[in-house]
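A short worksheet on the structure shown next.
Positions are given from 1 along the sequence.
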Amino acid sequence: MGLGAGLRAMKRRSLTRASVAVAVAAGLALAGACGGSDGDGGADGDGSLAVGVLLPGGGASRFGQFDKPLLMQQLKRLCPDCPAPTVAATSDPAVQRQQIESMITRQVDVLILAAVDPQLLRPSVEAAHRADIPVVAYDRLAQGPISGYVTFDGATVGRLQGEALLKAMGAEARGERIVMMNGATTDPNAGWFKRGALSVLEGKAEIGKSYDTVGWRPENAFVNMTNAIAALGAGDIDGVLAANDSLAGAVVAALNAAEVTPLPPITGQDADLAGVQRIVRGDQYMTVYKPFAPAAGAAAKMAVALGRGETVDSLASGTVDNATTENIPAVLLPSVPVTVGNIKDTVVKDGMYTIDQICTPELRSACDKAGLT
């Protein structure tokens, strides 16, 4: 797209946004202001790009620790003269909806959205579309007319977890009994992970209990695992496929509370520091490391291009469909399984954690044994 065409497109978008923003502002007056944002938001009048970033968690979560700073860094690199992005984080879909509406009212140029609940957020995505604000779905496939999608291949994540669990149990020969602690049904990625895991587990392991963890909340996983232990017997669980490291931590806590020893092999995802430390300690068998820097870089590139009225087809590695839109340009990134034997060559080598961060005084002996110190 030429510069003149791009400027004309941006002017058309500004007029459309202004009309939609009036309607959204009226709704916000009833709904209340959005919460948890950084930056001034909105264009600053000189034609530079205003980006809104909406995440399903902040603080100590993976999104707060890694995705947010990486996204900020990449956006600054690609658009050094742009105003600071508006960032909002919440685990409440109703609050996230208000945050999106607030950004529409501020007339941002483009949104990067990791949806808390893709289905409930669909009307907000549609409102952004009416305002001619492109939406890049990040990590989770949002519903509605999105313009791009960046994530890790969920089928591969689940397959890596399932393969690791089979290897740890030797289940190909024995058909061991496992518990599946899946993610929330409101997150399409959770179903993607689950299907990937089942593609290698079915016919090779007996699935004694399978739970969909409401809200991805560890406290719900703890209750589910406690119920699984009561139903199956403390000594009759040979492995647990936990969909991420937070759920894995809850599984470990429930098994410890039931005085199960030794612990069965347990999977995870996201390479949280606590998860990596559990692997060193021997409480968790593996996690799936998803290098967040490439994901943040791809999302930032898509957002800047779309905000400038350009296409993103050349940035995509393929296309995906959601319930409303077909052929969405998508970047699907690879993941890496991490066990105690390759911590140094993965999360440490990539600079995600240092040896000192992983190897606290309590873990010094285990780190020595693992060859980390």
Check whether any side-chain N or O of [X] sits under 3.5 Å from a backbone N or O of [Y] as a donor-acceptor pair, and report yes or no.
| X | Y | answer |
| --- | --- | --- |
| Thr213 | Asn182 | yes |
| Arg364 | Cys359 | yes |
| Thr325 | Gly144 | yes |
| Asn244 | Ser246 | yes |
| Gln107 | Ala131 | no |
| Gln96 | Val116 | yes |
| Gln161 | Leu241 | no |

Could you report the tightest heavy-atom contact between [X] and [Y], atom names first, then the distance?
| X | Y | value |
| --- | --- | --- |
| Pro93 | Leu121 | O-CD2, 3.8 Å |
| Ser48 | Pro83 | OG-CD, 3.2 Å |
| Cys79 | Leu49 | SG-CB, 4.2 Å |
| Gly57 | Ala89 | O-CB, 3.7 Å |
| Met181 | Met225 | CE-N, 3.7 Å |
| Ala243 | Gly183 | CB-N, 3.8 Å |

For Asn327, which residues count as a side chain to side chain contact (heavy atoms under 4.5 Å, CB included) partner, sequence neighbours excluded?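 Only Thr319, Asp321 meet the side chain to side chain contact (heavy atoms under 4.5 Å, CB included) criterion with Asn327.
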With Val280 via side chain to side chain contact (heavy atoms under 4.5 Å, CB included) - residues at least two apart: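 By the side chain to side chain contact (heavy atoms under 4.5 Å, CB included) rule, Val280 matches Ile343, Ile358, Ala366, Cys367, Leu372.
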With rounding to the nearest 0.5 Å, note down the distance linking [atom1] in [X] to [atom2] in [Y].
| X | Y | atom1 | atom2 | value |
| --- | --- | --- | --- | --- |
| Met180 | Lys209 | CE | NZ | 14.5 Å |
| Asp139 | Asp187 | CG | CG | 7.5 Å |
| Ile104 | Leu111 | CD1 | CG | 7.0 Å |
| Gln98 | Thr90 | CD | OG1 | 9.5 Å |
| Ser335 | Asp153 | OG | CG | 7.5 Å |
| Ile112 | Thr86 | CD1 | OG1 | 11.5 Å |

Going by heavy atoms in the side chains, are [X] and [Y] under 4.5 Å from each other?
| X | Y | answer |
| --- | --- | --- |
| Thr226 | Ile229 | no |
| Val276 | Val338 | no |
| Gln99 | Ser124 | no |
| Val312 | Ser147 | no |
| Ile178 | Met169 | yes |
| Glu362 | Arg281 | yes |
| Arg177 | Asp236 | yes |
| Leu71 | Leu55 | yes |

If two hydrophobic side chains count as joined below 4.5 Å and joins carry through other members, does [X] share a cluster with [Y]?
| X | Y | answer |
| --- | --- | --- |
| Ile355 | Val347 | yes |
| Met103 | Leu113 | yes |
| Tyr211 | Leu198 | no |
| Val348 | Leu273 | yes |
| Val87 | Met302 | yes |

Partners meeting side chain to side chain donor-acceptor pair (under 3.5 Å) with [X] (sequence neighbours left out):
| X | answer |
| --- | --- |
| Thr324 | Asn322 |
| Gln74 | Arg77 |
| Arg122 | Glu126 |
| Asn224 | none |

Any pair counted as ring-ring contact (aromatic ring centres under 6.0 Å, His included), so long as it reaches residues 130-158, sequence neighbours left out: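 Qualifying pairs, neighbours excluded: none.
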If a pair satisfies ring-ring contact (aromatic ring centres under 6.0 Å, His included) and one of its residues is in residues 294-314, list it, with sequence neighbours excluded.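 Sorted pair list comes back empty.
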Side-chain donor-acceptor contacts of residues 284-298 below 3.5 Å, not counting sequence neighbours, with atom names and distances?
residue	atom	partner	partner atom	Å
Gln284	OE1	Arg278	NE	2.9
Gln284	OE1	Arg278	NH2	3.1
Gln284	NE2	Asp245	OD1	2.9
Gln284	NE2	Met286	O	3.0
Thr287	OG1	Asp245	OD1	2.9
Thr287	OG1	Asp245	OD2	3.0
Thr287	OG1	Gln269	N	3.2
Thr287	OG1	Ala271	N	3.1
Tyr289	OH	Asp350	OD2	2.8
Lys290	NZ	Gln269	OE1	2.8
Lys290	NZ	Asp270	OD1	3.3

Between Arg140 and Thr151, is a side-chain contact (heavy atoms from CB on, under 4.5 Å) present by the stated rule, with each step listed? CA-CA 7 Å; Arg140 303 172 181 182; Thr151 194; over 6 Å; no
Count the heavy atoms belonging to other residues, nucleotides or ligands that lie under 6.0 Å from NZ of Lys344, then report whether that count exceeds 12.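 More than 12 within 6.0 Å, yes.
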Pairwise disulfide bond (SG atoms under 2.5 Å apart) hits with a residue in residues 238-353, at least two apart: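 Listed once each, the pairs would be none.
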Solution key, residues 251-265 side-chain donor-acceptor pairs under 3.5 Å, sequence neighbours excluded:
residue	atom	partner	partner atom	Å
Asn256	ND2	Val252	O	3.4

Pair Ile146, Leu141 - check side-chain contact (heavy atoms from CB on, under 4.5 Å), show working. CA-CA 9 Å; Ile146 60 176; Leu141 183 60; 3.7 Å; yes
Going by an N to O cut-off under 4.0 Å, is there a salt bridge joining Asp67 and Arg62?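 Salt bridge: yes.
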Salt bridge (Lys or Arg N to Asp or Glu O under 4.0 Å) pairs, two or more places apart, involving residues 210-233: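 Found Lys194-Asp212.
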